[in-house]
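What follows is a single structure, written as structure tokens, with notes after it.
In each ligand, atom 1 is the first atom listed, and ligand 1 is the first ligand listed.
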Amino acid sequence: MKPLVVANWKMNPRTLAEAKKLFNAVKNSGAVICPPFVYLSSLRANGAQDVFYEQTGAFTGEISSVMLKNLGIKYVIIGHSERRKYQKETNKMIEKKLKAALKTGLKPILCIDKISQIPKNIKPVILAFEPLSAIGTGKPYLVEKAKKMRRRIKHPFVLYGGSVNSENAASYIKKAGFQGLLVGAASLNAKEFTKIVKSVIN
Ligand code: PGA
């Protein structure tokens with residue numbers, strides 16, 4: 001199977017015009033692109049950064065999996081460490097989100113930084129191992145350490161995430177044995193992101 005590369009734009013960019021420019025430059029790369037919610041429908045993106053666990057109702061500010069599905073979204077990131085930190089998401093909430101996404105037919109990408117965060121009773125389609133020390137720090141995890149971790153995660157499809165760039169991208173797939181990448185900062189630079197995708201898909 002081809003490696004899967006997922007772009008997590010986080011809370012970027014500032015305008016729809018910039019989002020369109022970036023999206024148009026990377027949309028044919030074969031990657032999953034996860035822009036902020038407000039840009040999803042204009043861009044016709046295939047990924048989202050979060051989802052709520054109820055489908056409709058009095059949940060101010062939330063977005064449901066059925067809404068995402070009806071917009072053509074296929075993949076959704078769940079339990080990103082920034083949401084665990086700033087929105088105080090717990091494993092319990094994350095499990096509810098996973099269940100809702102799976103029920104709706106979205107493919108959840110469950111982010112973890114420890115094995116204990118993998119739920120026992122639900123099978124997320126895709127896991128993303130994102131060591132906290134490497135997320136958004138420009139300090140990528142050592143490939144040797146990543147390889148050890150990959151061996152310990154008994155799941156068929158695991159992405160690596162954390163300071164991925166065009167220099168180190170291929171080593172996480174070819175040396176550490178991951179099935180793909182979750183890319184943050186480097187996904188905001190079309191040239192750099194295209195290089196990353198090319199380095200792992202070829
Ligand atoms: P980063 O982010 O590539 O900027 O480290 C990765 C992520 O948080 O998914």
Query raised in the report: Atoms of ligand 1 less than 4.0 Å from His80 heavy atoms?
Result: 7 (C), 8 (O), 9 (O)
Query raised in the report: Near Ala134, which atoms of ligand 1 are under 4.0 Å from a heavy atom of that residue?
Result: 5 (O)
Query raised in the report: Does the side chain of Ser64 pick up a donor-acceptor pair with the side chain of Glu54 at under 3.5 Å?
Result: no
Query - For Phe59, ring-ring contact (aromatic ring centres under 6.0 Å, His included) partners two or more places apart - result: Phe52
Report summary line: The complete set of ring-ring contact (aromatic ring centres under 6.0 Å, His included) pairs with one or both residues in residues 101-131, sequence neighbours excluded, reads Phe129-Tyr141
Query raised in the report: Are side-chain N/O atoms of Glu95 and Asn91 paired as donor and acceptor at under 3.5 Å?
Result: no
Report summary line: What one should report as the nearest heavy-atom pair of Gly105 and Lys69 is O-NZ, 3.5 Å
Query raised in the report: Should you measure from each heavy atom of Glu130, which atoms of ligand 1 turn up under 4.0 Å away?
Result: 6 (C), 7 (C), 8 (O), 9 (O)
Report task. Among all protein heavy atoms, pick out the one at the shortest distance from atom 2 (O) of ligand 1; state its residue, atom name and that distance to 0.1 Å. Result -> Lys10 NZ, 3.2 Å
Query - Thr137 side-chain N/O to Lys139 backbone N/O, donor-acceptor pair under 3.5 Å - result: yes
**Report entry** Proximal candidate to atom 5 (O) of ligand 1 [heavy atom criterion; set Gly184, Gly161, Gly136, Ser81]
**Finding:** Gly136
Query raised in the report: Relative to the heavy atoms of Asn8, which atoms of ligand 1 are at a distance of less than 4.0 Å?
Result: 9 (O)
Query raised in the report: At a 4.0 Å threshold, what atoms of ligand 1 neighbour a non-hydrogen atom of Leu182?
Result: 9 (O)
Report task. Just jot down the ligand 1 atoms closer than 4.0 angstrom to any heavy atom of Gly162, in number order. Result -> 5 (O)
Query raised in the report: How far apart are the C-alpha atoms of Glu89 and His80, what are their side-chain angles, what is the distance that settles it, and do they pass the side-chain hydrogen bond (donor to acceptor under 3.5 Å, both in side chains) test?
Result: CA-CA 9 Å; Glu89 285 194 9; His80 190 280; over 6 Å; no
Query - Per-atom contacts of ligand 1 with Ala185, taking only distances under 4.0 Å to non-hydrogen atoms - result: 1 (P), 3 (O), 4 (O)
